[in-house]
Undergrad: 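Quick one: the structure is below, and I'll ask about it shortly.
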Amino acid sequence: MKRKYLSMAVGCALLAPAAFVQAQEQPQPAGQPQATQLDEVTVTARRRTESIQDVPVAVSAFGEEQIKDLQASTVEGLQGAVPNMNIAQGRGSANSVNVFIRGIGQPDALQTFDPGVGMYVDDVYYSRINGALFSLFDIQQLEVLRGPQGTLYGKNSTGGAIKLTTKNPFDNEGGAVEVTAGDYGRLEGRFYVSGKLSDTVAASIAGAKITNDGYVKDADTGRRYNDDDTEALRFKLALNPTDNFRATLSVDTTKQDAALTMGRPMADLRQTSLAPAGVIVLQPGQTGEWNRRARTSFQDGQGQYLKHSGASLAMDWDINEQWTLKSISSYRKLKTRSFIDIDASEYELGDVLVALNQDQTSQEFQLHYDNGSNLHATFGAYYMKENVPSYQEAYADDLFSFLGAKVPFLRTIDDDLTTTSNAAFAHVNWEFVPSWTVAAGVRWTKDKKDYDRSTSTFWGAPFSALNETVAFAANASWTAVTPSISLQKAFGDNLMGYVSANRGFKSGGFNGRANTVYDTQHAKFDPEYVWTYELGLKGSSADRRFRGSAAAFYSNYSDFQARVSQDVGTFPVLNAAKLNIKGIELEGSALLGEATTLSAQIGWMDAKYDRFEDFRLDPSYPGFDPNVSHDHVPFSPDWTARVALQHVFALGDNGALTLGGDVSYRGKTWLSVDNRDVLSQDAYTLLGVYGVWDSPQMAWQVRAGVRNLTDKEYKTEGQEFASVGNIQTAYYGLPRNWYVSLRYNF
């Protein structure tokens with residue numbers, strides 16, 4: 001079965017490049033009617049609008065209708081649609097997202113770690129993975145850039161960037177109202193209204209209310225988990241008072257109030273007996289099929305709350321025909337209060353409260369030059385200041401016993417992280433001779449972090465004398481220069497190739513799990529760096545019915561920031577590893593006949609450690625753990641593939657009916673740095689189908705679909721705290737689910 005799906009994906013992904021070569025060799029006979037074409041795809045990956053076929057960057061782009069066809073209601077729905085990308089709801093959190101591109105991401109969800117993949121909305125960088133599980137309700141386009149970004153983007157990103165662009169009020173007059181209902185109590189409402197208030201002023205407002213009851217429940221109490229209750233609103237005011245000035249003010253807010261996100265304990269949950277010394281198994285690890293049932297020690301009402309709001313102002317001045325100045329100012333505020341049952345059981349082993357109160361201010365200036373023919377340049381400066389105070393509690397009343405009685409245990413944490421980032425960058429694109437273009441850029445970055453932390457540990461009787469408070473304060477700064485260069489050759493009107501080299505940087509930081517005096521003395525960790533070398537080919541047929549791209553890359557990734565489990569309550573961060581990552585990515589679309597569209601993506605990746613310096617693997621170390629290995633890089637499956645097929649049936653005066661479906665494949669994936677066997681997911685395949693009816697004037701639309709048609713059970717994420725009660729918790733993807741939506745466009 002695995003070979004069958006891989007061969008299908010390879011064949012479809014190669015179809016488009018092969019087709020444009022054939023079309024160039026065999027031109028259409030004179031007088032033949034013009035064939036129907038694929039819609040042109042434009043992107044802003046290089047800070048200006050270009051055809052996706054002309055950009056020497058590995059980028060996938062999705063418009064509003066394509067996002068719907070992915071059956072994606074949040075950014076997590078991109079899973080499977082982009083080669084060599086892993087994107088999933090974060091570990092035990094309803095409001096965060098975990099993203100890895102080409103093997104690079106954020107292995108620890110704590111706020112003291114920086115994302116490896118940058119998230120942008122209307123060119124504003126979102127610094128936390130909390131609040132980044134965006135609901136897609138007014139998106140004009142979504143782009144995924146693979147590989148290091150920095151000489152064109154506000155913040156350095158080692159793995160890549162996900163760039164969301166919301167609708168422009170001037171370009172989207174009118175609006176739409178949509179209602180969706182489905183199983184598991186799914187009920188959603190979305191609206192968008194936009195229009196010109198005058199020739200120079202336009203405004204829009206968009207909103208969404210998204211609810212579902214959750215697909216995990218407690219069989220005894222009937223409590224539901226893994227649900228959603230989200231409200232989102234965005235207002236935009238666009239101004240164009242003169243021919244050479246444009247400004248857009250955007251204000252948005254999102255509120256989510258969900259129950260717990262529950263996983264499944266995969267290993268034996270253990271209690272440590274202090275006297276007599278030993279280990280007590282509280283609950284055996286679960287095996288076999290999961291019945292989506294869970295128990296928790298948290299009370300009803302102890303759920304996960306988020307409020308995320310912000311405002312941005314983007315202004316463009318056309319100084320003259322060659323020069324344009326752009327300013328992007330932004331302020332964002334994020335508040336979360338999330339109870340997370342890390343051990344996913346009725347026991348208090350790793351239950352935590354994590355509350356953040358983050359705010360972020362950023363300012364970016366860009367100066368663009370375009371001589372109208374062969375030279376484009378971007379010069380930029382970027383500033384961001386982020387404050388992330390947090391309060392945490394860890395409950396572990398079942399972790400220790402003494403003479404058969406439980407020993408109460410509570411840990412409280414107050415910390416405050418301030419990050420200041422300054423950067424300057426430049427990028428020049430020069431067609432130095434016809435058909436040959438060189439692009440070169442460089443970025444200077446300085447990140448400074450100030451961290452204060454206080455950890456208090458409270459033991460119950462008879463160990464109350466062990467209560468202690470550990471506090472420390474530290475600061476550090478890191479500076480990096482990250483260049484990029486590419487050489488591009490146009491082999492004709494419809495075919496181009498490129499080679500590129502890009503360096504990425506992610507700053508160091510301080511361990512947000514430093515709970516002991518020893519931890520505080522070794523809390524600082526160093527930056528990560530990556531060099532990525534890429535060879536790419538993009539093209540289309542002369543009649544624009546076939547389009548495809550291919551990219552091969554090699555990444556040299558050093559000083560990987562790995563959070564590991566050492567002893568009880570001790571989680572050091574090691575700059576442990578050097579990796580070599582290589583891969584191939586193919587994407588293609590083909591218009592078959594006049595009404596059938598075939599598209600495919602496939603990624604192959606070989607991610608390996610050159611070294612992983614881990615003291616826990618020394619047999620002489622008292623905490624030596626033979627179950628730990630570093631044979632596999634987490635969240636880096638060897639194969640990712642997807643094939644999608646869509647056909648439109650013309651119904652004359654009755655409108656049009658579209659039927660579509662896709663099949664996606666993902667190779668074996670390891671969900672923890674320590675390669676715990678129970679925290680891995682074997683290769684799996686998912687199927688989805690949908691149907692859409694559009695009225696003759698496109699005013700009404702009815703859409704119905706089924707995701708995960710075969711009800712495949714698969715893991716997407718893992719919590720690994722084996723040194724605390726042997727916690728190894730897995731989180732699962734959605735079961736089979738259906739929905740029906742009704743949309744009215746006006």
Side-chain angles (χ1 to χ4, degrees), residues 17 20-21 24 37 40-59 61 123 141 143 145-154 161 163 165 243-246 316-328 364-382 424-444 481-503 532-542 544 547-551 553:
F20 69 67
V21 173
Q24 288 180 325
Q37 300 179 354
E40 183 179 7
V41 178
T42 60
V43 295
T44 56
R46 296 196 295 179
R47 294 293 197 181
R48 64 182 190 273
T49 301
E50 302 173 278
S51 169
I52 195 172
Q53 299 302 107
D54 297 333
V55 180
V57 177
V59 54
D123 290 332
Q141 182 156 298
E143 301 172 28
L145 289 75
R146 303 187 292 277
Q149 309 295 322
T151 62
L152 284 163
Y153 278 81
K163 187 172 182 288
T165 303
D243 291 340
N244 66 340
F245 178 78
R246 298 164 299 281
D316 292 68
W317 293 271
D318 296 329
I319 300 172
N320 54 40
E321 292 184 356
Q322 289 80 37
W323 291 94
T324 298
L325 178 64
K326 184 170 185 177
S327 168
I328 306 168
E364 183 172 354
F365 292 106
Q366 303 167 16
L367 183 62
H368 298 271
Y369 174 79
D370 185 345
N371 71 351
S373 60
N374 67 336
L375 183 63
H376 306 270
T378 298
F379 307 94
Y382 180 78
F425 53 90
H427 193 94
V428 178
N429 195 73
W430 176 38
E431 186 178 7
F432 58 96
V433 295
S435 79
W436 285 93
T437 302
V438 63
V442 65
R443 177 190 182 91
W444 172 85
V481 176
T482 50
S484 69
I485 188 167
S486 68
L487 181 64
Q488 178 180 345
K489 166 65 176 174
F491 297 104
D493 292 338
N494 304 309
L495 181 63
M496 78 85 157
Y498 66 91
V499 294
S500 66
N502 298 275
R503 191 184 193 215
T532 295
Y533 309 93
E534 189 169 314
L535 173 67
L537 186 70
K538 296 185 178 185
S540 63
S541 62
R544 305 295 182 183
R547 179 170 56 232
S549 64
F553 68 90

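When reading the values below, keep in mind they use all heavy atoms of this one structure, side chains included, and skip hydrogens, waters and symmetry mates.
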Undergrad: So, for Glu143 and Val59, which heavy atoms are closest and what is the spacing to 0.1 Å?
TA: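 Heavy atoms only, the tightest pair is CB-CG2, 4.3 Å.
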Undergrad: Are Val438 and Phe432 packed together at the side-chain level, in the sense that at least one heavy-atom pair is separated by less than 4.5 angstrom?
TA: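 A side-chain contact exists here, since the closest heavy-atom pair is under 4.5 Å.
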Undergrad: Roughly how far apart are Tyr533 OH and Asn502 CG, rounded to 0.5 Å?
TA: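 That separation rounds to 10.0 Å.
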Undergrad: If only atom types and distance count, is the side chain of Gln322 paired as donor or acceptor with the main-chain N or O of Asn320 below 3.5 Å?
TA: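 No, the answer is negative, given that no donor and acceptor are paired below the 3.5 Å cut-off.
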Undergrad: Just so I know, are the side chains of Pro483 and Ile485 near enough to count as touching, which here means a heavy-atom distance under 4.5 Å?
TA: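 Pro483 vs Ile485: side chains apart.
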Undergrad: Rounded at 0.5 Å granularity, tell me how far OG in Ser540 sits from CG in Asp493.
TA: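 CG of Asp493 is found 9.0 Å from OG of Ser540.
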Undergrad: Nearest 0.5 Å, what's the CD-NE2 distance between Gln366 and His427?
TA: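 NE2 of His427 is found 12.5 Å from CD of Gln366.
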Undergrad: Does Asp318 have any salt bridge (charged side-chain N to carboxylate O under 4.0 Å, His left out) partners at least two apart in sequence or in another chain, and if so, which?
TA: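 Asp318 satisfies salt bridge (charged side-chain N to carboxylate O under 4.0 Å, His left out) with Arg246 only.
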Undergrad: So if I apply the side-chain contact (heavy atoms from CB on, under 4.5 Å) rule between Ser484 and each of Thr151, Val442, Leu152, which one comes out positive?
TA: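 Going through the options one by one, the only one that passes is Thr151.
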Undergrad: State, to 0.1 Å, how close Asp370 and Gly372 come at their nearest heavy-atom pair, and which atoms those are.
TA: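 Looks like OD1-N, 2.7 Å.
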Undergrad: Do His368 and Thr378 get their side chains close enough for a donor-acceptor pair, meaning under 3.5 Å?
TA: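 Their side chains do contain a donor-acceptor pair, which is all the 3.5 Å distance test asks for.
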Undergrad: So, the side chain of Arg443 versus the backbone of Thr482: is there a donor-acceptor pair under 3.5 Å, distance only?
TA: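 No, Arg443 side chain to Thr482 backbone: no donor-acceptor pair under 3.5 Å.
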Undergrad: Of all the heavy-atom pairs spanning Ala58 and Tyr498, show the shortest one and how long it is.
TA: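 Distance-wise, the nearest heavy atoms are N-OH, 3.7 Å.
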Undergrad: Do you know which two heavy atoms are closest between Ala381 and Phe425, and how far apart they sit?
TA: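 Heavy atoms only, the tightest pair is N-CE2, 4.0 Å.
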Undergrad: Are Trp436 and Leu487 side-chain neighbours, meaning at least one heavy-atom pair lies under 4.5 Å?
TA: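 In contact.
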Undergrad: Please give me the minimum heavy-atom distance between Val428 and Ala377, naming the atom from each residue.
TA: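 Residues Val428 and Ala377, closest heavy atoms: CG2-CB, 4.1 Å.
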Undergrad: Taking C-beta and beyond as the side chain, do Pro56 and Ser486 meet within less than 4.5 Å on heavy atoms?
TA: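 Pro56 reaches Ser486 side chain to side chain.
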Undergrad: Starting at OG1 of Thr437, measure out to CD of Gln488 and round the result to the nearest 0.5 Å.
TA: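 One finds 5.0 Å between OG1 of Thr437 and CD of Gln488.
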Undergrad: Over all heavy atoms of both residues, which pair between Trp430 and Leu375 is shortest? Give the atoms and the distance, please.
TA: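 For Trp430 versus Leu375, the nearest heavy atoms are CB-CD1, 3.8 Å.
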Undergrad: Are the side chains of Ile319 and Leu325 in contact, using a 4.5 Å heavy-atom criterion?
TA: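 With C-beta onward as the side chain, the pair touches.
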Undergrad: Are the side chain of Gln53 and the backbone N or O of Gly539 linked by a donor-acceptor pair below 3.5 Å?
TA: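 Checking the backbone N and O of Gly539 against the side chain of Gln53, a donor-acceptor pair under 3.5 Å is found.
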Undergrad: Distance from Glu364 atom CD to Asp123 atom CG, nearest 0.5 Å?
TA: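 Glu364 atom CD to Asp123 atom CG measures 7.0 Å (nearest 0.5 Å).
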Undergrad: For the residue pair Ser327 and Trp317, establish whether any side-chain heavy-atom pair is separated by less than 4.5 Å.
TA: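 Yes - at least one pair of side-chain heavy atoms lies under 4.5 Å apart.
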Undergrad: Distance check, rounded to the nearest 0.5 Å: Phe379 atom CZ versus Tyr369 atom OH?
TA: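 Going from CZ on Phe379 over to OH on Tyr369, the span is 10.0 Å.
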Undergrad: Do the non-hydrogen side-chain atoms of Thr532 and Arg503 ever get within less than 4.5 Å of each other?
TA: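 No, too far: nothing below the 4.5 Å cut-off.
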Undergrad: Report yes if some heavy atom in the side chain of Leu495 is under 4.5 Å from a heavy atom in the side chain of Leu537; otherwise report no.
TA: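 Sidechains of Leu537 and Leu495: in contact.
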Undergrad: Are Lys538 and Asp54 within salt-bridge range, i.e. N to O under 4.0 Å?
TA: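 Salt bridge flag = no for Asp54 with Lys538.
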Undergrad: Evaluate the criterion side chain to side chain contact (heavy atoms under 4.5 Å, CB included) for residue pair Arg547 and Val41; output intermediate values, then yes/no.
TA: CA-CA 10 Å; Arg547 179 170 56 232; Val41 178; 3.7 Å; yes
